[in-house]
Amino acid sequence: MSVATHDDIHAHDHHDHGPAKGFMRWVTTTNHKDIGTLYLITGLIMFFVGGAMALVIRAELFEPGLQYVDPHFFNQMTTLHALIMVFGAVMPAFAGLANWMIPMMIGAPDMALPRMNNWSFWLLPFAFVMLSSTLFMDGGAAAAGWTLYPPLVLQTGNALPFTVFTVHILGMSSIMAAINIIVTVFNMRAPGMTMMKLPLFVWTWVITAFLLIAVMPVFAGAVTMLLTDKYFGTSFFNAAGGGDPVLYQHLFWFFGHPEVYILILPSFGIISSIIPTFSRKPLFGYASMVYATASIGLLSFIVWAHHQYTVGMPLAGELYFTYATMLIAVPTGVKVFNWLATMWKGAMTFETPMLYAIAFVVLFTMGGFTGLMMSISPADLQYHDTYFIVAHFHYVLVPGAVFALFAATYYWLPKWTGHMYDEKLGKLHFWLTTISVNICFFPQHFVGLAGMPRRIPDYAVQFAEFNAMSSVGAFVFGFSQLIFAYVIYKAIKGGEKATSEVWEGAEAHGLEWHLPSPPPYHSWTEAPDQSLISELH
Amino acid sequence: MKKTLQLLAGFWSVLWGVANAETGSGTGVGWGALNLPAGVTPDSHDIHDLHMTILWICVGIGILVYGILVYSLIHHRKSKGVVPATFHENTKLEIVWTIIPFLILIAMAIPATKVMIKVYDTSASDMTIKVTGYQWKWRYTYLDEGIDFFSSLDAKSNEARQLGSKIDPATVEHYLLNVDKPLVIPANKKIRILLTAADVLHAWWVPEFGWKKDAIPGFITDGWIKVEKPGIYRGQCAELCGRDHGFMPIVVVVKTEDEYKQWVAAEKAKQEVGKVDASKPLTLDELTAKGKEVYASNCAACHGAEGDGVPGVFPAIKGSKVALGPLADHLKLVLHGKAAMPAFKDQLNDVEIAAVVTYQRNGFGNKKGDSIQPADIQAYK
């Protein structure tokens, strides 16, 4: 009976199939590729919105003195730039990649929970419209930094409840996406696709999904406490009522530290897919990659107060967080060494995805070094809240997470669209981006060490030269991204037909390369042959 | 174009500066602003040494990692006709590159622990100064001497830093790093610094002293300094504290013990003089003139130079119910504060409060017509 029913549905599927037409296709879609596309486009749009804010910041910092914006507006820009880049650009882009790639990589037809998938995406546009609208409210948007530390954040005007509600909605969206990914990977793998056969991108996303489920509620709780402190007379963070402002920081960073790994773990997965393909070699140390990712995930829960070395914790607390934080260097080092060993004695070619992957390894490692320096708590008493920190986290997030996203886009774009992208423009985008990102962020190490605090709209004249250089880099970086948008547009519109394999020898590196380019609307309506899976590297 | 040339010219000095970073004696300027200052306190030297050690360790690992990568990128390319190897694991190698970093970390953790223990040891200090962060100024209270004053951005920087001021910051001496009244301390004495805040979080940081620490409303944190040589040391608030976070510098003047004692005596004498003139009545003009000054340095940051405020966040003074209402309510708000509004009872003396309240009730087209005398403030208190 059940077999008959299944056949009926199947026949119906083939008969009346494919996406609905027009605008409603995107509103009502439950298809993993459509939703993936929506996520990716949202990520790209928000990348430009957040980038425009970064350029406001860098324009004001081009030279000493205040030229363009009021300090209060400057603080709104730093706050929204970070919130939008983290929650609007990078996280949705990774969710988009997960939606597109995970079913294709594990041999499934779609995600496990397609309706929830639709909902988790469609919460986002409302959240970002609401967040952006706070700029136009009385008193402007939140201006206390993306960490929203009290008591300062409680001085926000009408924007506070809207900012808090945005966080709630984004949290719900992330948690639903995370549940969907975990359920899909645990239940919908094709026969023969064991956990230790999963591509690293899938593994890193599964671990990321667990981090999301664990920490988003903590953040939602912390910002709700802000709300009740401001409007309902509670004193969670107010010493006069028996509370403690530092409690918020512990709650925030218990979320915030895993959050920064949420932004980087899927990047590790992407780089671990790309380097073997273009080195024409299997990934070195697959098992140690999985264990390293899992240990980074676990460590991320027990190191949070290294963001708070200056709050006056007891000595024992400082030392514990110092040791725990230093430990992270071990599994992270393992990953970098594994990538090097993968390239070693390979037969490398340097298409745009590989260029971005190599730049990722070089520049993310830079961010790793400064991270190691900052883990030394006495030294961090100097580094904390300076431009040295700004340089550090931009190195891990821009040439880290964002470069991984560029690499992933160039790598899989021919699969998604069925057309090769314009390699010349891709390389131009790469070189402009890579050179300018270093001109932008490298000098920030220097001014930070020399004494320039972060989050200031104006600075002493001895920092003028490096700030000017940094601003020039930022503008070149920002405008170079228009090339990226154009390359994507061009590949969607047409171009050289891509084969199903796309990259030479890619078939050995993942199931997605066995599907036609572009793949059918439902990825693997029949499970891939087990021999395909056993032949994967 | 000139800027571009300057940028290029700067590159060379950067490379030169990095090569000489170890000998760098302190906060440089321009293209020389490259590294942590070596500092003037025992803690700052230790921290600088730790920083240089970990920096060189990173440079060493970097040369190794990037060296291998570059070698691989040059030699292991398809265009050279390389046939890719097929290896994909090597347990011994993987154990080695897990254990060696672990040992390096232990080697780093030991000196880091020693330094942190020293930084935290505030015992046996010679004197104690309480530092309180306000939006946006510092207050210094000498607990042993009874000296107590506020320290805010100097007038010249303040004028130049206004949006559209047309004043070139390069013409202002110590732009944004100068104050109206610096903290004065003796050299070679162990000074315990207690930190707290009146409104939001701040952080007190003088790079030459080696550390920063948060000032938290309702809590006290502490640290210590023992400055080896007299001089002037500058720093800034390091924790985002609102609109003028970038404009509350720290200046510490370190004097020899004798000079410090003279300064203390002079300060105490000045405080006596300050108490006398509170009983003298003042004219409306005198009050508004004085009030305008007080307003500019204490109120204008939030309520606006023209008393317009910021809708939704900072109320306007112009046409305000408080400024046009009963005096008692107005004084209560100014003296005791409310929410984001700071309490000014300790920040301003009676003359200043009388002047600024008079100015608020008569300026900005409010024209209430009353002139408040210092005696009224005393009576209210």
Side-chain angles (χ1 to χ4, degrees), chain A residues 64-66 70-72 138-139 145 149 151-152 155 157-158 239 245 280-282 284-285 288 310-312 315 318-319 322-323 326 329-330 333-334 337 340 343-349 369 373 376-379 381-382 385 446-447 449-451 453 455-458 460-463 465 469, chain B residues 7 10 27 29-31 33-36 47 50-51 54 58 68-69 72 76-78 82 84-85 88-89 94 97-98 101-102 105 109 112-113 115-116 119-120 161 163 169-170 175-177 200-201 203 207 211-214 216-219 221 236 238-240 242-243 246 311-313 340:
Chain A
L66 287 177
D70 180 86
H72 184 59
D138 274 357
Y149 279 3
L152 181 60
Q155 293 181 0
N158 295 343
R280 292 164 180 77
K281 257 184 76 194
F284 185 90
S288 68
T310 66
V311 296
L315 178 62
E318 297 273 343
L319 293 177
T322 306
Y323 305 147
M326 290 169 87
V330 176
V334 166
F337 299 139
L340 290 184
M343 288 189 254
W344 189 258
K345 292 196 187 269
M348 281 187 268
T349 52
F369 285 143
M373 294 172 74
I376 313 283
S377 50
L381 297 181
Q382 284 278 33
D385 266 334
F446 299 139
V447 284
L449 290 176
R455 291 169 167 163
I456 54 175
D458 190 6
V461 289
Q462 68 254 41
F463 306 127
E465 285 79 1
M469 187 170 157
Chain B
L7 286 175
T27 315
V29 296
W31 296 109
L34 290 171
N35 199 4
L36 272 192
I47 286 171
L50 266 184
H51 160 72
I54 186 75
C58 288
I68 293 171
L69 179 64
S72 194
H76 305 145
R77 27 173 93 207
K78 195 187 169 201
V82 176
H88 57 88
E89 57 187 1
E94 290 175 65
W97 72 39
T98 308
F102 191 73
L105 292 178
T113 304
V115 173
M116 207 57 185
V119 170
Y120 259 69
R161 66 103 176 176
L163 187 58
Y175 177 62
L176 298 188
L177 293 179
V200 301
L201 302 170
W211 51 264
K212 65 176 68 68
K213 195 143 234 180
D214 292 357
I216 302 162
F219 290 83
T221 52
Q236 282 177 274
E239 177 69 49
L240 179 60
R243 184 177 182 274
V313 189

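When reading the values below, keep in mind they use all heavy atoms of this one structure, side chains included, and skip hydrogens, waters and symmetry mates. Everything numeric here is computed off the predicted structure, so don't read it as measured data. In what follows, every chain begins at residue 1, and chains take the letters A, B, ... in the order their sequences are listed.
- Both the backbone and the side chain of B:L240 come within less than 4.5 Å of a heavy atom in chain A.
- With sequence neighbours left out, the salt bridge (Lys or Arg N to Asp or Glu O under 4.0 Å) criterion links B:R77 to no other residue.
- The candidate with the highest count of non-hydrogen atom pairs below 4.5 Å against chain A, out of B:L50, B:T98, B:I54, B:T221, is B:I54.
- With a 4.5 Å cut-off on non-hydrogen atoms, B:I216 touches chain A through its side chain but not through its backbone.
- Most heavy-atom pairs under 4.5 Å with chain A: of the set B:G246, B:S72, B:G218, this distinction falls to B:S72.
- With contacts defined as side-chain heavy-atom distances shorter than 4.5 Å, the pair A:K281/B:H88 does not qualify.
- In terms of heavy-atom proximity, B:L105 sits nearest to A:A329 at CD1-CB, 4.2 Å.
- In this structure, A:L381 and B:M116 have side chains that are in contact, with non-hydrogen atoms separated by less than 4.5 Å.
- When the candidates A:G333, A:S377, A:P151 are compared by the number of heavy-atom contacts under 4.5 Å with chain B, A:P151 comes out ahead.
- Within the 4.5 Å cutoff, no side-chain heavy atoms of B:E94 are placed close to those of A:V334.
- Atoms CD1 and CD, on A:I456 and B:Q236 in that order, are 5.0 Å from each other to the nearest 0.5 Å.
- Proximity to chain A is absent for every atom of B:A203, based on heavy atoms less than 4.5 angstrom apart.
- B:K213 places no side-chain N or O within 3.5 Å of a backbone atom of A:V311 that could act as its donor or acceptor partner.
- Between B:C58 and A:M373, the shortest heavy-atom contact is SG-CG, 4.1 Å.
- A 6.0 Å sphere centred on CZ of B:F219 holds more than 12 heavy atoms belonging to other residues, nucleotides or ligands.
- The part of A:Y323 that comes within reach of chain B is its side chain, from C-beta onward, which places non-hydrogen atoms under 4.5 angstrom from that chain.
- Looking at A:P457, only its side chain comes within 4.5 Å of chain B, counting heavy atoms on both sides.
- Residues B:A112 and A:P378 share a closest heavy-atom pair of O-CG, 3.3 Å.
- Interface check for chain B: of the options A:P282, A:G312, A:A379, the most heavy-atom pairs under 4.5 Å are formed by A:P282.
- Classification of the B:H76-A:W344 ring pair by plane angle, with boundaries at 30° and 60°, yields perpendicular.
- In this structure, chain A has heavy atoms under 4.5 Å from both the backbone and the side chain of B:Y175.
- A heavy-atom distance below 4.5 Å is not found between the side chains of A:Y149 and B:V200.
- Considering every non-hydrogen atom in both B:L201 and A:P245, the closest pair reads CD2-CB, 4.3 Å.
- Once rounded to the nearest 0.5 Å, the distance linking CG of B:N35 with CG of A:L449 reads 5.5 Å.
- In this structure the side chain of B:H51 never reaches within 4.5 angstrom of the side chain of A:Q382, judged on heavy atoms.
- Interface summary for chain A: among B:T113, B:V115, B:V119, B:I68, the most heavy-atom pairs under 4.5 angstrom belong to B:T113.
- Put simply, the side chain of B:R243 reaches to within 4.5 Å of the side chain of A:D70, judged on heavy atoms.
- Among residues two or more places apart in sequence or in another chain, the salt bridge (Lys or Arg N to Asp or Glu O under 4.0 Å) test is passed with A:D385 by A:R454.
- Heavy atoms closer than 4.5 Å to chain B are found in the side chain of A:L319, but not in its backbone.
- With rounding to the nearest 0.5 Å, the separation of CG in A:L340 from CG in B:L69 is 5.5 Å.
- When each of A:G346, A:S288, A:G145 is scored by its heavy-atom pairs under 4.5 Å with chain B, the top score falls to A:G346.
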